[in-house]
Amino acid sequence: MDYEVLKTITQEIRDKYLKEELGEEKSRVIDKYCLTCNENLYWQRGFIETEIYNMEFIKHKSTGIVIALRNLCNIDKIEEFIKLCNYLENRDVLEKDYIIQGLD
């Protein structure tokens, strides 16, 4: 496996190749937690940058929730930020449970 070549290809191709190399069980864990491999070959989860109407937004990958950065900047207490993180994590768990139950 040539790691330097992996760093230069697109994320989608890199993810597919690495998941094949890791095997089925590890690939399921990667899919479960919506992980992607970055250009430094680290698996990551969380937010991606998006542009909407030339404003600054971020989109939570696993839930699809879009958050305006200007609103995020207004959070001045750590408790409020933790509440937001908990909300996103709970939404993520609920949506995954719903998808799994829908397959039965």
Of all residues at least two apart in sequence or in a different chain, which pass the salt bridge (charged side-chain N to carboxylate O under 4.0 Å, His left out) check with Glu24? Arg28
Once rounded to the nearest 0.5 Å, what's the spacing between atom OH of Tyr42 and atom CG of Leu35? 15.0 Å
One should read off an interatomic distance between Lys77 NZ and Lys83 NZ, to the nearest 0.5 angstrom, of 9.5 Å
Mind checking what makes side chain to side chain contact (heavy atoms under 4.5 Å, CB included) contact with Asp76, not counting sequence neighbours? Glu80
Would you please name every residue forming a side chain to side chain donor-acceptor pair (under 3.5 Å) with Ser27, sequence neighbours left out? none
Considering all heavy atoms of both residues, which atom of Leu6 and which atom of Arg14 are nearest to each other, and what is their separation? O-NH1, 3.0 Å
Name all residues meeting the side chain to side chain donor-acceptor pair (under 3.5 Å) criterion together with Glu79; count only those two or more places apart in sequence or in a different chain, and write none if there are none. none
Among residues at least two apart in sequence or on other chains, which ones pass side chain to side chain contact (heavy atoms under 4.5 Å, CB included) with Asn74? Asn71
With rounding to the nearest 0.5 angstrom, report the CG to OG1 distance, Leu18 to Thr36. 11.0 Å
Output for pair (Lys16 NZ, Ile9 CD1), nearest 0.5 Å, gives 11.0 Å
For Lys7, all residues meeting side chain to side chain contact (heavy atoms under 4.5 Å, CB included), sequence neighbours excluded: Glu4, Leu41
Trp43 versus Leu22: any side-chain heavy-atom pair under 4.5 Å? yes
Is it the case that the side chain of Asn38 and the backbone of Asn40 share a donor-acceptor pair, with hydrogens and angles ignored and the cut-off at 3.5 Å? yes
More than 12 non-hydrogen atoms from neighbouring residues, nucleotides or ligands closer than 6.0 Å to CD on Glu20, yes or no? yes
Can you tell me how far NE2 of His60 sits from CD of Glu89, rounded to the nearest 0.5 angstrom? 7.5 Å
To the nearest 0.5 Å, what is the distance between CD1 (Ile30) and NZ (Lys19)? 6.5 Å
